[in-house]
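Before any comments, here is the structure.
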Amino acid sequence: MLEEPPLPAHQSPPRGWSQKLTAFKAFTAQAWALTKPYFQSEEKWKARGLLVAIVVLNLALVYMAVLFNDWNKLFYDALQDKNATVFWTQLGRFTYLAFAFIVMAVYKFYLTQLLELRWRAWMTGHYLQRWLANHAFYKLELNRFTLQANGDARNPDNPDQRIQEDINLFTSYTISLTMGLLNAVVTLASFVGILWGLSGGFAFSFNGGAYNIPGFMVWMAVLYCAAGSILTHYIGRPQIKLNFQQQRVEADFRHHMVRLREYSESIALDRGEAVERVQLDARFSRVLGNYLALIKAQKNLVWFTSFFGQAALVFPFVVAAPRFFSGAIQLGELMQISSAFGQVQGSLSWFVDSYSSLASWRATTDRLTSFEASFRALAPVDTALSATDSVALDAHDLTVALPDGEVLLAGAVLHAKPGDSVLLQGPSGSGKSTLFRTLAGIWPFASGNVSRPAQAMFIPQRPYFPNGALRDALAYPETPARYSDAELRQALTDALLPQMAEQLDQADAWSQKLSGGEQQRLAIARVLLKKPKWVFADEATSALDEASENKIYKRLVALVQSAQGAIVSIAHRPTVATFHNQHWTLEKLPEGAPAGYRLKAQRADQPAVRAAQ
């Protein structure tokens, strides 16, 4: 089940088997680590109860197979003896046996699917909570390219696929394969004794001596299935890597199409359709190429398993035929031997029959394990920055770096109090937006101590608007029910969007429908609606004309002054500077300095209060 690299020429076989055993133990530990939390969760008694019920039904179905095996002998003996009374009696017995089997099979299917559904729901909720907690979804994206560049195995590619698809596959494969293995073991234990007693001994002479092998059919089944399992592993093991890779290339192809839809306007304006088609074709070619390789690997396995399965149908008859033709056994016993051999051979062939599913399960487990590792990789940076709530903004010994380790600021000190209006400026790429992310508490590559106002709102360069009703986009992330329609309309009007005031219930993709200036005004409408004490605006009016920008900033400054708060802005236009009484400037430091920039603070000549009047 586990794919291992080829052994070096000087390495001995025992060490190779040791490596395989170590890899197998590591894999089972990974699978158990993913399985255990649900069965120890708040739903553990429901989960364990369903699992016990499924196990009981599996055992009951194995018992039914034993009864059917016994029925085979009686029924076919009645046919051979032309005994009508026994024939009709056994036919009636078959009716209630078949009815009981059907009821058990139906409820085994239903309860298995119910357990898979509950388990998937719990795991999905568990991973969604972890993904969305403490900005992990944002930090994972920041970490992704750094880990990928360093070849780190914790590279969290396509977390959406991990949560949506891999959890579903993991729960399904884990239950089906576990129950299949249990069924195989119990079936083997139930039928090996039957087959041993029915098969008799195999007598032969060799080198002048007479020998007899008891339970000959059992040994033949063991040898037959052992050879088949070994050959299946070596024929089918390429599927493990190919299954893992298939999910990755499929997700990359889907993700690029999502980005094409998200940036449809920009791509259309740039006439980028041809380039995007080339990119999509390249990604889809990788999908097809890997899938073709997977098909070929599966074809090789199907060649063998089909031959293996068909040969197993006639194998017991070939071995037992001499005893039947000699009169040692009757037709019913021959059919019972065939049925028992089929059950033993089927249970011993579990590995052969399940190899493709095992390969997919292995790949799915590896992907979820790497997803788990990506969460653990966030731990070192989650505690680097100490942040507390305060009435003012203070930062001491603040160090800000990029994901690649480049230090932008080192040992910086910041201070802003209620009533201030601060303009942050600096050359492009100096880290102005990164400093804002640090002050917001979402940038993981920072250290130091930050005290920030509790009632604050940040306006990013690219505001997010959920698809749906306009009132939902305006109130996000709060529910629009917290605000009256009059408040929602007033916020839109104050943000210079009066034409949208009567569209509160209109549903649309606002990020695609609205222009850049309209998106900025809608983001500002959120601020005017929620009335925070502090506002952090990152190029929040860069797409507006100067007259509109002037009106917007007057309202923002008036808002924070009335709330006894402050505003901190990033902007390049000189007209915006007139609304701020402090300037923070990022100045480039010479090569060899401990950081790329230093922060210089100074008072402005014209206070913001005068500019707002």
Between [atom1] of [X] and [atom2] of [Y], what distance do you get to the nearest 0.5 Å?
X	Y	atom1	atom2	value
Thr112	Leu51	OG1	CG	9.5 Å
Gln239	Leu301	CD	CG	5.5 Å
Gln164	Leu128	CD	CG	11.0 Å
Met257	Phe284	CE	CZ	8.5 Å
Lys513	Asp508	NZ	CG	4.5 Å
Ser360	Phe170	OG	CZ	13.5 Å

When you measure from the side chain of [X] to the backbone N and O of [Y], does any donor-acceptor pair fall under 3.5 Å?
X	Y	result
Asn58	Ile54	yes
Trp119	Thr35	no
Arg48	Phe39	yes

Minimal non-hydrogen separation, [X] against [Y], with atom names:
X	Y	result
Leu140	Phe375	CD1-CE2, 4.0 Å
Met123	Leu34	CE-O, 4.2 Å
Lys139	Ile442	CE-O, 4.1 Å
Val249	Val287	O-CG2, 3.4 Å
Leu115	Ala47	CD1-O, 4.0 Å
Leu67	Arg93	O-NH2, 4.0 Å

Problem - Non-neighbouring partners of Phe465 that pass ring-ring contact (aromatic ring centres under 6.0 Å, His included), sequence neighbours left out - result: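 For Phe465 there are no ring-ring contact (aromatic ring centres under 6.0 Å, His included) partners, ignoring immediate neighbours.
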Other residues, nucleotides and ligands only: do more than 12 of their heavy atoms fall within 6.0 Å of [atom1] on [X]?
X	atom1	answer
Arg277	CZ	no
Tyr110	OH	no
Tyr63	OH	no
Phe101	CZ	no

Pairs touching [range] that satisfy side-chain hydrogen bond (donor to acceptor under 3.5 Å, both in side chains), sequence neighbours left out:
range	result
residues 462-477	Tyr263-Arg462, Arg471-Asp485, Arg471-Asp505
residues 288-299	Gln246-Asn290
residues 171-181	Thr174-Trp361

Problem - Intermediate values then yes/no, side chain to side chain contact (heavy atoms under 4.5 Å, CB included), Arg118 and Tyr38 - result: CA-CA 10 Å; Arg118 288 180 176 273; Tyr38 175 60; 3.4 Å; yes
Exercise for the section: Please determine if Arg162 forms a cation-pi arrangement with Phe371, meaning its NZ or CZ atom is less than 6.0 Å from the six-membered ring centre and no more than 45° off the ring axis. Expected result: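 Judged by the rule (NZ or CZ under 6.0 Å from the ring centre, within 45° of its axis), Arg162 is not positioned above Phe371.
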Exercise for the section: Give the ring-plane orientation class for Phe137 versus Trp131, where under 30° counts as parallel, over 60° as perpendicular and anything between as tilted. Expected result: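 Taking Trp131 first and then Phe137, their aromatic rings stand perpendicular (interplane angle over 60°).
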Problem - Residue of the set Leu91, Thr85, Thr89, Asn83 for which side chain to side chain contact (heavy atoms under 4.5 Å, CB included) holds with Phe87 - result: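 Option passing the side chain to side chain contact (heavy atoms under 4.5 Å, CB included) with Phe87: Leu91.
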Are side-chain heavy atoms of [X] and [Y] found at a separation under 4.5 Å?
X	Y	result
Leu177	Ser354	yes
Trp510	Pro466	no
Arg286	Glu250	no
Phe75	Phe94	no

Test: [X] and [Y] ion pair at under 4.0 Å:
X	Y	value
Asp366	Lys241	no
Asp252	Arg283	no
Arg130	Glu372	yes

Problem - Side chains of Thr364 and Arg367, donor plus acceptor under 3.5 Å - result: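 Judged by distance alone, the side chains do pair up.
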Exercise for the section: Please name all residues satisfying salt bridge (Lys or Arg N to Asp or Glu O under 4.0 Å) with Glu43, sequence neighbours left out, ordered by chain then number. Expected result: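 Per chain and number, Glu43 pairs via salt bridge (Lys or Arg N to Asp or Glu O under 4.0 Å) with no residue.
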Only distances under 3.5 Å count here; give the side-chain donor-acceptor pairs of residues 179-192 to other protein atoms, sequence neighbours excluded, each with its distance to 0.1 Å.
| from | atom 1 | to | atom 2 | distance (Å) |
| --- | --- | --- | --- | --- |
| Thr187 | OG1 | Asn183 | O | 2.6 |
| Ser190 | OG | Val186 | O | 2.8 |

